[in-house]
Each structure stands twice: as structure tokens, then as C-alpha cells.
Amino acid sequence: MSKSRLIVLISGSGSNLQAIIDHIDAGEINANILSVISNKANAYGLERAKAAGIATAIVDHTQYDSRELFDQSLAEIIDQSSPDIIILAGFMRILTETFVMRYVGKLINIHPSLLPLYRGLHTHKRALQDKTTQHGASVHFVTPELDAGAVIVQGVVSIKNNDNEETLAARVHQIEHIIYPQAVKLLTENKVELKADHVYINNQLLQQPKQYYLKK
Ligand code: GAR
């Protein structure tokens with residue numbers, strides 16, 4: 001089977017990008033990352049991409065007068081590579097409906113919560129404030145409503161009594177690095193599809209996303 005063509009969008013550290021690079025290098029994901037695009041020039045993920053020999057681009061959102069113009073530029077760069085899958089990996093910009101609908105079905109995101117819980121920002125803080133016992137991350141298809149697209153896979157971590165935002169975020173990151181490559185692998189193998197806002201795996205409607213547990 002030919003290699004899937006991936007584009008990864010980042011805004012920061014890029015540890016999820018790294019996890020995907022590592023799985024490709026290990027031969028577990030049959031894909032090439034064509035480019036890594038950041039909206040921030042100082043994103044450390046750009047260094048990770050360069051170290052892996054991947055092309056990089058910066059589309060600085062502060063240089064655009066509107067979300068529409070920023071998204072248009074982003075789309076122009078993306079379309080130069082005709083990717084099969086566009087991966088948001090810590091990309092911290094809200095995308096316009098026009099952009100999302102252009103790529104719907106091949107645009108995925110990882111969000112640091114067990115969706116539908118805690119859409120939006122500060123998810124670790126909110127989970128701690130609520131004194132919930134479990135938290136985690138979700139990989140989902142991106143649809144126009146923020147963090148509301150169908151979930152493909154989730155990673156669950158237990159919240160410990162002495163957790164703070166930092167310790168909790170670190171464990172959520174650990175499980176993210178397991179589930180995001182799994183989801184990307186399924187997509188590259190054409191095993192997962194978005195149809196009418198639902199996930200289908202091997203042509204079967206996914207009733208509940210598969211959940212991975214961090215054993216610590
Ligand atoms: C990850 O925890 C990801 O879930 C989160 O940003 C972090 C990026 O880390 N994404 C969002 O909050 C999206 N709304 P990374 O740059 O080390 O991969």
C-alpha cells in the first residue's frame with residue numbers, strides 16, 4: 001500500500017508530532033509527513049520537524065487581519081502537498097467553518113479531555129476543580145463546532161489525590177503519545193471514516209470510542 005501523505009499543524013512543543021514521527025520511523029505507521037506548519041515561529045515542534053528532515057512552514061496568525069484570511073493562507077500551503085490526512089497536534093487556533101469543511105473527514109485533532117467533557121481551554125484545571133477521578137485525552141474528527149466532532153479513540157488517566165495541573169498534564173501527555181499514533185495508523189490504513197458525523201471503523205458504526213488506560 002502506498003504511504004499516506006500527512007501534514008501536521010502545531011503551535012508549541014510538538015511532543016505529539018514527535019510520537020507520530022517515532023511511529024513512522026519504527027515502521028508502525030506507513031506514511032510520510034510532508035510538512036509541519038506552525039502559527040508560531042518559536043514553536044519547539046519546528047525543531048523536532050527539522051531534526052527529522054521534515055519541511056516546515058510558518059503561517060503567523062498575527063500577520064492576518066481576520067481568521068478567514070489566515071485560514072486561506074493555511075489552506076493554500078496545505079493544498080500544495082495534497083495531503084491525505086491533516087493532523088492538528090497542539091494547534092491552538094480556532095479554524096473557520098470554511099476551512100474545516102474543506103478538509104472534513106481527513107482533519108483530526110487531539111484534545112486533552114475525555115470529550116464531551118471539558119471542551120475548550122484549561123481542561124486539566126477544570127477536571128481538578130471538579131474533583132473528578134478520571135481525565136484524559138480524545139482524538140476526534142474536526143467539525144465546525146469546537147471540540148465537538150466524533151471521537152475515534154480516548155486515553156484515560158486516573159486523577160491522584162496529590163495531582164496538580166502539571167503532574168496531571170504530564171500523564172495526559174503520556175497517554176496522548178499512545179493514542180494519537182494509534183488513531184493516525186487507523187486512518188492511514190483506511191480503516192476509519194467519518195460518515196454523517198459518526199465514526200465507522202472497518203465499515204462498522206463505532207458505538208463507543210476505544211479507551212486506552214495509562215497503567216500508573
Ligand atoms: C496536547 O496536550 C494537546 O492535547 C493539546 O495541546 C497539547 C500539545 O502538546 N491540544 C489542545 O489543547 C487543543 N485544543 P504538544 O505540542 O507537546 O503535542
Side-chain angles (χ1 to χ4, degrees), residues 6-25 29 33 35-52 54 56-59 61 67 70-71 74 85-97 99-100 103 107-129 134-157 159 163-184 209 211-212 214:
L6 314 182
I7 286 196
V8 184
L9 270 54
I10 61 164
S11 300
S13 157
S15 68
N16 280 288
L17 163 69
Q18 189 68 57
I20 294 165
I21 292 173
D22 293 346
H23 279 73
I24 292 173
D25 288 351
I29 297 176
I33 301 179
S35 71
V36 170
I37 306 172
S38 174
N39 65 309
K40 291 198 170 170
N42 63 354
Y44 180 65
L46 291 169
E47 303 308 315
R48 297 183 192 267
K50 286 176 198 156
I54 299 167
T56 60
I58 297 160
V59 186
H61 62 278
R67 270 188 205 285
F70 168 73
D71 283 6
L74 205 54
I85 306 164
I86 300 149
I87 299 169
L88 307 182
F91 184 70
M92 301 305 283
R93 299 291 306 164
I94 292 175
L95 294 160
T96 56
E97 179 163 0
F99 181 95
V100 170
Y103 303 111
L107 180 61
I108 57 171
N109 181 44
I110 189 156
H111 181 75
S113 79
L114 295 172
L115 290 171
L117 295 173
Y118 309 121
R119 294 175 183 167
L121 297 174
H122 311 300
T123 57
H124 309 309
K125 189 178 176 180
R126 288 154 65 201
L128 286 168
Q129 275 169 354
Q134 287 192 323
H135 186 45
S138 308
V139 178
H140 64 96
F141 282 106
V142 179
T143 50
E145 194 183 339
L146 185 69
D147 300 330
V151 174
I152 304 165
V153 55
Q154 292 185 315
V156 183
V157 306
I159 297 188
D163 260 333
N164 55 40
E165 262 185 77
E166 239 170 55
T167 56
L168 183 56
R171 290 209 312 293
V172 170
H173 257 119
Q174 280 182 44
I175 197 81
E176 287 188 341
H177 301 161
I178 295 168
I179 63 171
Y180 217 180
Q182 289 302 326
V184 172
Q211 291 191 323
Y212 289 78
L214 191 68

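Counting begins at 1 with the first residue of the sequence. We count ligands from 1, going down the list as the structure has it; atoms in each ligand are counted the same way.
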J.: With a cut-off of 6.0 Å (strictly less than), are more than 12 heavy atoms of other residues, nucleotides or ligands near CD of Gln129?
T.: yes
J.: Please indicate whether any nitrogen or oxygen in Asp147 is less than 3.5 Å from any nitrogen or oxygen in ligand 1.
T.: no
J.: Counting only heavy atoms from other residues, nucleotides and ligands, does the tally under 6.0 Å from CD of Glu47 exceed 12?
T.: yes
J.: Is there a donor in the side chain of His111 and an acceptor in the side chain of His140, or the other way round, less than 3.5 Å apart?
T.: no
J.: Could you pull out all residues at least two apart from Arg171 that satisfy salt bridge (Lys or Arg N to Asp or Glu O under 4.0 Å)?
T.: Asp163
J.: Show which atoms of ligand 1 fall inside a sub-4.0 Å distance from at least one heavy-atom site of His111.
T.: 4 (O), 14 (N)
J.: Students should be able to answer this: which protein heavy-atom is nearest to atom 6 (O) of ligand 1, and at what distance?
T.: Gly90 CA, 3.7 Å
J.: Considering heavy atoms of the protein only, find what lies nearest to atom 16 (O) of ligand 1 and give residue, atom and distance to 0.1 Å.
T.: Gly14 N, 2.7 Å
J.: Give a yes/no verdict on whether any heavy atom in Ile10 is under 4.0 Å from an atom of ligand 1.
T.: no
J.: How far is atom 17 (O) of ligand 1 from its nearest protein heavy atom, and which residue and atom name does that atom have?
T.: Ser15 OG, 2.5 Å
J.: With distance as the sole test, does Ser138 use its side chain to make a donor-acceptor pair with the main-chain N or O of Val151 at under 3.5 Å?
T.: no
J.: Any heavy atom of Gln18 closer to ligand 1 than 4.0 angstrom?
T.: no
